[in-house]
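Since the structure is predicted, the reported quantities are computational estimates derived from the model, not experimental observations.
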Amino acid sequence: APSALAAGHAPRRAATWVRVASAGAMASYGVYLWHQLVATRWMSGRGYPDFQAPFGLSLLVVAVGATALATATYLVVERPIRPLATMAWRLDRSTEPRRLGVAPALDGLRGLSILAVLGTHVVFLASGDATWSLRGGFLGVDVFLVLSGFLIGATLLREADSSGDVRMGRFLRRRARRLVPPLAGFFVVHL
């Protein structure tokens, strides 16, 4: 969402937060996409069971490897097609604000992705015995984050369409009102 706003919806002199968020989004998403492959290949190549490799070395190898692959992907795939996205945005300048509306199917898909993640974490409850653990449940994290990014991006674009600007403070307050109560409840139950 930040890079979309910076590319087509913010004024030419984008606010500092948009530039910083855009750069962070471009870097972090590519690293996120590649980190699982790098971690899995590195750990299995050295004979480590899942989540049993030395943390410091794993972090270094995964960060360097995923960053290198993310950079290559950005330069070879993403960067060359960015002008097409900007051109498509300029061609479709509808005056109607974008509306997402209620989408129960997306909520259901997010729920299934959470169940997949929980199914993967059964291995921690069973002292490392993966008999009942769901393999590949990490894909639930991908689905959940993509849907969350889509919904937050739609919210930001709707605000940019209606007011011509995105007020970061107001956006963060809305997120806090939604996320802090369940987070506080989680900590109470955990304690």
Side-chain angles (χ1 to χ4, degrees), residues 1-10 14 16-89 105-125 128 130 133-157 166 168 171-172 175 179 183:
S3 77
L5 289 171
H9 294 83
T16 302
W17 76 265
V18 173
R19 289 193 305 273
V20 169
S22 179
M26 297 307 284
S28 67
Y29 190 67
V31 170
Y32 171 75
L33 287 175
W34 286 106
H35 86 279
Q36 187 71 43
L37 177 70
V38 173
T40 303
R41 297 290 179 178
W42 182 76
M43 287 184 214
S44 67
R46 273 140 195 85
Y48 291 118
D50 288 343
F51 305 109
Q52 302 299 315
F55 177 74
L57 184 57
S58 297
L59 179 64
L60 179 65
V61 168
V62 171
V64 169
T67 301
L69 287 169
T71 301
T73 304
Y74 175 75
L75 293 173
V76 173
V77 178
E78 294 177 49
R79 192 173 185 185
I81 63 170
R82 261 185 110 182
L84 295 175
T86 304
M87 184 175 69
W89 178 80
L106 295 181
D107 290 335
L109 189 56
R110 280 200 305 179
L112 290 174
S113 68
I114 291 169
L115 289 175
V117 172
L118 292 175
T120 299
H121 286 80
V122 168
V123 71
F124 296 113
L125 298 175
S133 181
L134 177 67
R135 301 289 298 169
F138 63 87
L139 294 173
V141 174
D142 294 354
V143 171
F144 183 83
L145 291 176
V146 166
L147 287 172
S148 295
F150 172 74
L151 295 170
I152 288 172
T155 300
L156 290 171
L157 291 171
V166 174
M168 193 61 165
F171 171 75
L172 291 175
R175 295 284 70 84
L179 299 175
L183 181 63

If you take all heavy atoms of [X] and [Y], which pair is closest and at what distance?
X	Y	value
Ala116	Gly140	CB-CA, 4.3 Å
Val31	Ala70	N-CB, 3.6 Å
Ala66	Val38	N-CG2, 3.9 Å

Residues which pass side-chain contact (heavy atoms from CB on, under 4.5 Å) with Val143, listed by chain and number, not counting sequence neighbours: Leu109, Ser113, Leu147
Results of side-chain contact (heavy atoms from CB on, under 4.5 Å) for Leu37 - residues two or more places apart only: Trp34, Arg41
Pairs touching residues 137-148 that satisfy side-chain hydrogen bond (donor to acceptor under 3.5 Å, both in side chains), sequence neighbours left out: Tyr32-Asp142
Going from [atom1] on [X] to [atom2] on [Y], what distance comes out if it is rounded to the nearest 0.5 angstrom?
X	Y	atom1	atom2	result
Ile152	Phe171	CD1	CZ	5.0 Å
Phe55	Leu60	CZ	CG	11.0 Å
Leu57	Met43	CG	CE	10.0 Å
His35	Thr67	NE2	OG1	11.5 Å

CA sep, side-chain torsions, deciding dist, call: Arg110, Leu151, side chain to side chain contact (heavy atoms under 4.5 Å, CB included): CA-CA 11 Å; Arg110 280 200 305 179; Leu151 295 170; 3.7 Å; yes
Residues, nucleotides or ligands: over 12 heavy atoms within 6.0 Å of Arg175 CZ: yes
